[in-house]
Number of protein chains: 4
Amino acid sequence: MDAQPPPRGPRQRLGEDQRRKQLMAATVLEVAERGYEGATLTKIATRADVAKGLVWRYFADKDDLMEATAKATLETMRATIVDALDLGRPVPEIIRAALRLAAAQIRTHRNELVALDRILHNLPGPDGGERVITDFYEESYRGQESLFRRGQAEGSLGDFDARIMAVTYQGSIDAMLAYLEIHPELEPQDYADGLAEILLGAMKATA
Amino acid sequence: MDAQPPPRGPRQRLGEDQRRKQLMAATVLEVAERGYEGATLTKIATRADVAKGLVWRYFADKDDLMEATAKATLETMRATIVDALDLGRPVPEIIRAALRLAAAQIRTHRNELVALDRILHNLPGPDGGERVITDFYEESYRGQESLFRRGQAEGSLGDFDARIMAVTYQGSIDAMLAYLEIHPELEPQDYADGLAEILLGAMKATA
Amino acid sequence: MDAQPPPRGPRQRLGEDQRRKQLMAATVLEVAERGYEGATLTKIATRADVAKGLVWRYFADKDDLMEATAKATLETMRATIVDALDLGRPVPEIIRAALRLAAAQIRTHRNELVALDRILHNLPGPDGGERVITDFYEESYRGQESLFRRGQAEGSLGDFDARIMAVTYQGSIDAMLAYLEIHPELEPQDYADGLAEILLGAMKATA
Amino acid sequence: MDAQPPPRGPRQRLGEDQRRKQLMAATVLEVAERGYEGATLTKIATRADVAKGLVWRYFADKDDLMEATAKATLETMRATIVDALDLGRPVPEIIRAALRLAAAQIRTHRNELVALDRILHNLPGPDGGERVITDFYEESYRGQESLFRRGQAEGSLGDFDARIMAVTYQGSIDAMLAYLEIHPELEPQDYADGLAEILLGAMKATA
DNA sequence: CATGAATGAGCGTTCATTCAT
DNA sequence: AATGAATGAACGCTCATTCAT
């Protein structure tokens, strides 16, 4: 029974994907713990148990690593929620469940949420603005819009501007997560239910 | 060949308030254009047309300058909105007007909004977290809560959790501003009206 | 009886000597407390209750102030000792008394001793060396040499190289003061007596 | 016109010890020439023909570099002297030889002596005082005391307070070195012999 | 003459990035 | 390919010195 862990000698050769994941995981931890400015590539590489110089083999530069980390983290979290949803249920129920799942993340994925927030608010775009956040939220918006439209078609939701509602919905979730982050004494599920009440109220009100 | 900075004229002696404002204005511009990290005190001083060392006569350090800039900017913007509101009107009308005023800021105070966002998400608090953002949002929340309660007392608003609504309301505004920021083709007033419809729908729906 | 302290208004005009003494006294305190590097002209001027800009009216620059402070302090301390000595007594007694007086300074003029030491070991001479220390010790050496010669002429001291003895004598005192500085539990008088025994032993031994 | 520093060749990779020695050697030169304050890490690195940032790979900060330089220099010089002594000879002869060796250093290790003096008088200890100097002199004192006691036991030295004698002995050497430093026209050996006469006179005199 | 706001060279230090091994 | 020593630009900050008032 020689199932010992790999000898961990120097110069272990890992696949590119594995290396990238290692580095992005370390990035999440460092950024969550020390902030965007405080996360240095030296510390990230050390934490990922990877030679410093290798960072530049797998990422173009620091911004690239940060952007990739943000994208991967966002995608992972979105997939987690979507996978856990039963899309066969009525739309209002889906929304209620989605909000609860989102709220639960503050407990299960606090580091990812904090890191994501920090990266998104610091990543400079080509023109100095924040490009990434846009594109990714755009994808979320579209998913939500189609969900809303389905509810409207099914008659479970009233008439409203789906795009503005999607932006508002996403903004409400972000605000919820930020609020729960600084109010750890609150029960995420309770807040999620309260928010569902509000949002569904808005969605059902006939314009 | 000689890319020297243009020589400044003779020393100008300004009052403390004027200097601080000068420096904070330059800070807003730099942070808006280059982000929190990218805004260095050297560039800020240069932009303010002032010797680098002067920064430390009026601010303890970079964080102090950033915090002061955030506070002053936030206060200015809040005052602008509050002053423009007619608090004697019915609450729903006040909310509609407030949303329009907030939306209009993306045109009149884009730099301030962007800088504020970046600073608030980067300012390290005493324990390494973000303290300021909390306190300031807390102040906003309380103001909004009392407005909501007034509406509930007057019968123009239904029954809902005022705190969650305040957080959601503020989050919706932030999301709106971010969305308008990257969609300059949109008319802020239209978005504001659409958002008002949604939020007032949520507020009027009887739970 | 209106003997109140001077009103201390701004722009008090003092004589040059008074100003210089104020500044040098403050220099002694700052250097003693914060070291040579830590003593900034701003702090010195503040402590002397003098406008910062005035420093350059009374001293050419920082080094000039330091050098002047060292000279004045050294001269004052030397005069204090010499004045307290009864030069009419036999030479060995004079030496014994001088050593006791020197040792006592660690209690009465600690700041001056510390500041003097720090300045003398930091003052850069024209060529980067330490010039001042030389010239001033030279004066001391001459005084001591003539005292030693008198003792030799009177027969109370043996034969020895007066210059080397003077250097050794001064070096012994400096070592004593440094040792007493870091051994505050010792009684200065006891050390002085012990040192007198040693030095007089050396002086009386017939070569 | 183009006063650029001469371009260094390709990067050389050195062992840790070699790099540290390289940097400490440059430190000795800079401190000797420009004093403690004047010796900046920029100049030290340049003199060592090394990138500025390398200093922080091998030393924690400026004080660490200075302290390490002082310790290494002191140890080297002490070893040089001790190795050259024949400890089997009678104590008075050892002392005579030690003084000659010490005096000779002003010719062979002038920079080291000057740098050591400057560093020891400026190094801030944990409490802001000078700690290192104490500990190192303490070590010297103990060595000298035991030598003196051996001489007393052997009958070649008289009775005296060994500690005060040690402090005086060390102080005499420091004074000698400082004196020889500013009197290059003197023959170190002659001074050393003169000082030996004086100190041995003191040590042999029966109290 | 006195004041202290203004200046700017220079410091110690960090860290993304490069490259000899 | 992998390593981490080496590099150097840039940063936040200090402080001796100048000068408009």
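Sequence lines set the chain letters: A, B, ... in the order given, protein chains first and strands last, and positions in each chain run from 1. Given the structure is predicted, the values throughout are model-derived calculations rather than measurements.
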message: Output the rounded distance in Å from CZ (D:R20) to C1' (F:dA5).
response: 15 Å

message: Tell me whether the count of non-hydrogen atoms from other residues, nucleotides or ligands lying under 6.0 Å of NZ in A:K62 goes above 12.
response: yes

query: With nearest nucleotides of DNA chain E determined for A:W56 and D:L41 from heavy-atom distances, which residue corresponds to the more 5′ nucleotide?
result: D:L41

field: Presence of C:R19 side-chain N/O under 4.0 Å of E:dC1 phosphate oxygens OP1/OP2
entry: no

- prompt: If you find the nucleotide of DNA chain E closest to C:G53 and the one closest to B:A51, which residue's nucleotide is nearer the 5' end?
  reply: C:G53

message: Judged by each residue's nearest nucleotide on DNA chain F, which is more toward the 5′ side, B:T40 or A:V50?
response: A:V50

- prompt: Between A:K52 and A:I44, is there a donor-acceptor pair closer than 3.5 Å when you use the side chain of the first and the backbone of the second?
  reply: no

message: Please check: side-chain N/O of C:K43 versus main-chain N/O of C:G38, any donor-acceptor pairing under 3.5 Å?
response: yes

statement: When rounded to whole Å, the NZ to P distance for the pair D:K62 and E:dT13 reads 9 Å

query: Looking just at side-chain N and O atoms, do C:H121 and D:N122 make a donor-acceptor pair shorter than 3.5 Å?
result: no

query: Contact class for D:Y58 vs. all strands (heavy atom < 4.0 Å): base, sugar-phosphate, or nothing?
result: sugar-phosphate

field: Distance, nearest 0.5 Å, that separates CG of C:L41 from CG of C:L54
entry: 12.5 Å

task: Return no unless some side-chain N or O of B:R11 is found under 4.0 Å from OP1 or OP2 of F:dT18.
output: no

field: Contact nearer the 5' end of DNA chain F, comparing D:R13 with C:E37
entry: D:R13

message: Taking any heavy-atom pair under 4.0 Å as a contact, classify C:K52: base, sugar-phosphate, or nothing.
response: base

statement: Here DNA chain F, pairs taken as Watson-Crick or G-U under 3.5 Å and shown with ( ), [ ] when crossing and | when to another strand, reads .||||||||||||||||||||

field: Donor-acceptor contact present, side-chain A:E30 to main-chain A:A39, <3.5 Å
entry: no

query: From F:dA5, F:dA2, E:dG4, pick the nucleotide closest to the side chain of A:L54?
result: F:dA2

Between CG on residue D:L120 and OH on residue D:Y36, distance to nearest 0.5 Å: 10.0 Å

task: Look at the side chain of B:R57 and decide which nucleotide, out of E:dA5, F:dG4, F:dG12, has an atom nearest to it.
output: E:dA5

task: Mind calculating the distance between CD (D:Q12) and C1' (F:dG4) to the nearest angstrom?
output: 16 Å

